[in-house]
Amino acid sequence: MKQNPAVQNADKSNRKYVFVCGLPRSGTSILGRNIARMENCTGLHDTGVLEDEGCFLQNVYPTEDVCGGPGRFGFDPRAHLTEKSALLTADNAAKLRATWHAYWDNRKTIFVEKTPANLLMTRFLQAAFPNSYFVVIKRHPVPVGMAAQKWKVNVTSLNNMFEHWLHCHELFEQDKKYLKNVYELRYEDYIQDADRYHREIAAFIGTHVPEPPKEDSFRYVAQWRNPQGLRVPERTIERPTGAHNKRYFDRWSKLLNNSLFKSYYWYIATKYESRVAKYGYSLTKDLGVSEEVLQGGKVSNAVGTLCCLISDAYASMVRTSIHTKGYIKKQLSTHLPEPLKGTIKHVLRTMALIRRGAGHGSS
């Protein structure tokens, strides 16, 4: 691969840069924190931004939210950056390093940055950061899609979620052949034997997993709609769990078996099955679905396509409604006089108390 001459000689030090990549809800956060706890490693710390993700600290490239949010950002050409990007300049590479090094422990020599959208930026990051390593984690599209749907501000239809999952991983497969140092794992394997993968990743980046500390301190990581943040240990390795995976698969099974719209769910399951299978996953197997249900759930391509269009349209309406409410609320908060805002809050609290009292009275 021919490297951009503007950044070819930007960094001659012995530093290594480890970028943790994977779609949102694929386990990148816990994996990134655990890698940052390895010997001589450091992660972005006390940034105040969501999940300490470096994308929210910089102004060089657009974030996934700007590109459409979870389930859609990969379709935006701005999200897929390579060494050919016009954004890859010596000045921008220096900006990124300066911005992130302000939150890394510079006494260390292995610097870890975790942002899900790194999955589509590997070639760009490799060119901007010499001595870069990529740890890429994949997770089954069912829990990835369903978990991301919980962020209502970015709600997206499930068929769009599956298409996005495939699109992003297909782009990465094309980019992977240009990368020098790549380690890949699956979330499902990681939760089964985390110690093995920690050892392998440590060897991959040239370090080792430390012994568990006798004592430890804790910090809080900012999270979406979690005012207190997530309490995490500073040095103790966190243990991933498969409990969430089971919940999402149980829900998917119920949608296929019992939903009023099971024809739609079977349509998208069978539509994407062969493409998902290339990554070792299935949308239809081992879900307790009878052959009778499978046959009964089949619909024509025309009907299935119409269902997908309706689902997409509904998701778009929900997003538009939420964004409109948010915009109106922000404008009112900005422009209304403080006394009037206080009066409105008082009226709303009073109405809430009245409704609560009426509810108790009728019980």
Do the side-chain N and O atoms of [X] and [Y] include a donor-acceptor pair separated by under 3.5 angstrom?
X    : Y    : value
K254 : S259 : no
N159 : S157 : yes
N34  : Y190 : yes
N14  : T109 : no
H45  : E234 : yes
E51  : Q223 : yes
N257 : S253 : yes
E188 : Y281 : yes
H244 : R25  : no
E113 : T115 : yes

Pair [X] and [Y], ring centroids less than 6.0 Å apart:
X    : Y    : answer
F249 : H140 : yes
F73  : H164 : yes
W100 : F129 : yes
W165 : F172 : no

NZ/NE/NH1/NH2 to OD/OE distance under 4.0 Å, [X] and [Y]:
X    : Y    : result
R275 : E170 : yes
R139 : D189 : no
K278 : E173 : no
R37  : E238 : yes
D195 : R199 : no

Determine the interplanar angle of the [X] and [Y] rings, folded into 0 to 90°, and report it as parallel if under 30°, tilted if 30 to 60°, perpendicular if over 60°.
X    : Y    : value
Y17  : F19  : parallel
F111 : H101 : perpendicular
H167 : F75  : tilted
F204 : Y183 : tilted

Do E163 and Y272 pass the side chain to side chain donor-acceptor pair (under 3.5 Å) test, and can you show the C-alpha distance, the side-chain angles, and the key distance before you say yes or no?
-> CA-CA 8 Å; E163 185 67 46; Y272 294 113; 3.0 Å; yes
Measure the SG-CG distance between C168 and L23 for me, rounded to the nearest 0.5 Å.
-> 5.0 Å
Short question: side chain of N131, backbone of R15 - any donor-acceptor pair under 3.5 Å?
-> yes
